[in-house]
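Taking it in order: structure first as structure tokens, then the write-up.
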2 protein chains.
Amino acid sequence: MTAVTVVQCCAPITREPLSEPEASELATLLKAVADPVRLRLLSMIGSHAGGEACVCDLTGAFDLTAPTISHHLKILRTAGLIDGERRGTWVYYRIIPQTVNKLGALFAPLGAAAPAAGGPAPDTSPLRT
Amino acid sequence: MTAVTVVQCCAPITREPLSEPEASELATLLKAVADPVRLRLLSMIGSHAGGEACVCDLTGAFDLTAPTISHHLKILRTAGLIDGERRGTWVYYRIIPQTVNKLGALFAPLGAAAPAAGGPAPDTSPLRT
DNA sequence: CTATCATTTAGACGATTGTCGAATCAGGAG
DNA sequence: CTCCTGATTCGACAATCGTCTAAATGATAG
């Protein structure tokens with residue numbers, strides 16, 4: 001699972017018209033992040049110390065039941081935005097930056113140097129602890 | 001003179017946890033683009049010669065009725081992603097780059113310095129159809 | 001006035017979504 | 001082994017969404 005296909009999928013959206021398949025694929029990815037809970041989950045995981053967060057830390061921040069949180073995490077996982085790993089009793093999630101960068105490239109201004117996705121990337125993980 | 005004030009709404013999503021209001025506002029914006037039709041509309045408008053596209057050009061690219069296209073355009077307009085202007089018989093839409101840049105900044109890699117919104121754009125479009 | 005382009009409104013329909021409760025799975029602790 | 005806790009899966013529910021048809025409205029050209 002979590003097939004990280006680093007495709008050159010996304011020129012900026014203002015560069016050329018998207019084909020139907022491209023648009024459908026990107027819409028699926030965007031639907032995954034177009035939710036307040038999932039957006040917060042993503043940012044909580046991505047900004048957590050060590051680059052990963054335990055589910056037990058996430059659930060407390062919401063007024064939602066555990067199954068609901070699991071549901072949102074699964075959607076993020078299926079979209080290829082996060083990846084989970086079980087260590088002992090707890091499950092830890094971490095961001096898959098390639099997928100997030102796809103979105104960044106899609107909405108990047110035309111003049112941007114697009115530092116990610118197959119280009120002459122100067123640095124992929126600026127913060128690694 | 002492109003004296004543009006950069007809308008500094010969003011630190012990258014991996015920088016710090018989003019607050020609930022921030023997440024809700026961004027989710028609303030993301031929902032507007034999380035649809036294949038609207039994604040294609042946005043890219044068709046943004047990549048069209050002159051920076052704007054007539055509705056009459058857009059409708060032909062879809063197997064949808066005119067009210068449905070109008071509906072999607074309205075959602076994009078309400079989200080602040082596009083702006084429409086009537087000239088004679090036809091209505092022309094153009095992208096509002098500040099809003100698109102918000103999304104670009106949200107998913108930008110941490111090391112990337114967001115370039116000025118619409119800054120290096122030399123266009124001042126020659127208004128062609 | 002008539003014709004055309006685009007939007008709006010209203011209602012309707014199936015599909016998708018977000019949430020919950022209950023059941024289930026996966027590992028420690030005793 | 002049996003319990004307990006963390007996390008997921010399953011089944012159901014109301015709410016929202018995308019699309020259509022049909023009709024009405026506004027704006028403009030001829």
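Just so it is clear, the values below take in all heavy atoms, side chains as well, and ignore hydrogens, waters and symmetry mates. Each chain gets a letter, A, B and so on, in the order the sequences are listed, and its residues count up from 1.
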Inset, instruction - Identify whether B:V91 and B:L64 are in the same connected component of the hydrophobic contact network (ILVMFWY, side-chain heavy atoms under 4.5 Å). - result: yes
With a 3.5 Å cut-off and sequence neighbours excluded, list the donor-acceptor pairs that the side chains of residues 49-59 of chain A form with protein atoms.
unit_1: A:E52; atom_1: OE2; unit_2: A:R87; atom_2: NH2; d: 2.7
unit_1: A:T59; atom_1: OG1; unit_2: A:V55; atom_2: O; d: 3.4
unit_1: A:T59; atom_1: OG1; unit_2: A:C56; atom_2: O; d: 3.4

Inset, instruction - Decide yes or no for B:L103 and A:L103: does some side-chain heavy atom of the first lie under 4.5 Å from some side-chain heavy atom of the second? - result: no
Legend entry - Note, A:F62 side chain near A:I69 side chain (heavy atom, < 4.5 Å): yes
Inset, instruction - For A:Y93 and A:R77, test the side chains for any donor-to-acceptor distance below 3.5 angstrom and give the result as yes or no. - result: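 Yes - a donor-acceptor pair under 3.5 Å links their side chains.
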Inset, instruction - Would you check if the side chain of A:S24 reaches a backbone N or O of B:P36 as a donor-acceptor pair within less than 3.5 Å? - result: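 Pair absent, no side-chain N/O of A:S24 close to backbone of B:P36.
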Legend entry - Donor-acceptor contact present, side-chain A:R38 to main-chain A:K31, <3.5 Å: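 Yes, because the side chain of A:R38 sits within donor-acceptor range (under 3.5 Å) of the backbone of A:K31.
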Inset, instruction - Report yes if a side-chain nitrogen or oxygen of A:Y93 is closer than 4.0 Å to either non-bridging phosphate oxygen (OP1 or OP2) of D:dT8; otherwise report no. - result: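 Checking D:dT8 against A:Y93, a side-chain N or O does come within under 4.0 Å of OP1 or OP2.
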Legend entry - Phosphate OP1/OP2 of D:dT8 contacted by A:K74 side-chain N/O (<4.0 Å):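 No, no such contact exists.
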Inset, instruction - Summarise protein proximity over nucleotides 13-20 of chain D in one line of letters, 5' to 3': B for base, S for sugar-phosphate only, - for none, counting protein heavy atoms closer than 4.0 Å. - result: -----SBB
Legend entry - B/S/- contact track for nucleotides 25-30 of chain D, protein heavy atom under 4.0 Å: -BSSS-
Inset, instruction - State the CE-CG distance between A:M44 and A:L39, to the nearest 0.5 angstrom. - result: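 Rounded to the nearest 0.5 Å, the CE-CG separation comes to 12.5 Å.
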Legend entry - Reported CG-to-CG distance for the pair A:D35 and B:L26, which is rounded to 0.5 angstrom: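 Here the rounded value is 12.0 Å.
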Legend entry - Presence of salt bridge, B:R40 and A:E22, under 4.0 angstrom: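 No, no charged N to carboxylate O under 4.0 Å.
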Legend entry - Pairs satisfying disulfide (SG to SG under 2.5 Å), at least one member in residues 61-92 of chain A, at least two apart: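 Qualifying pairs, neighbours excluded: none.
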Legend entry - Nucleotide interval of DNA chain C bounded by contacts with chain B (heavy-atom cut-off, under 4.0 Å):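 Both ends considered, the range comes out as C:dC5 to C:dT9.
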Inset, instruction - Whole angstrom is fine here: how far is it from CH2 in A:W90 over to P in D:dC4? - result: 18 Å
Legend entry - Option from A:V100, A:L106, A:L81 for which side chain to side chain contact (heavy atoms under 4.5 Å, CB included) with A:L29 holds: A:L81
Inset, instruction - Give the angle between the helix axes at the two ends of the helix from C:dC1-D:dG30 to C:dG30-D:dC1, taking five base pairs at each end and rounding to 10°. - result: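 One end axis against the other gives 20°.
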Inset, instruction - For A:S47 and A:S43, work out which heavy atoms get closest and say how close. - result: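 Between these two residues, the closest heavy atoms are OG-O, 2.6 Å.
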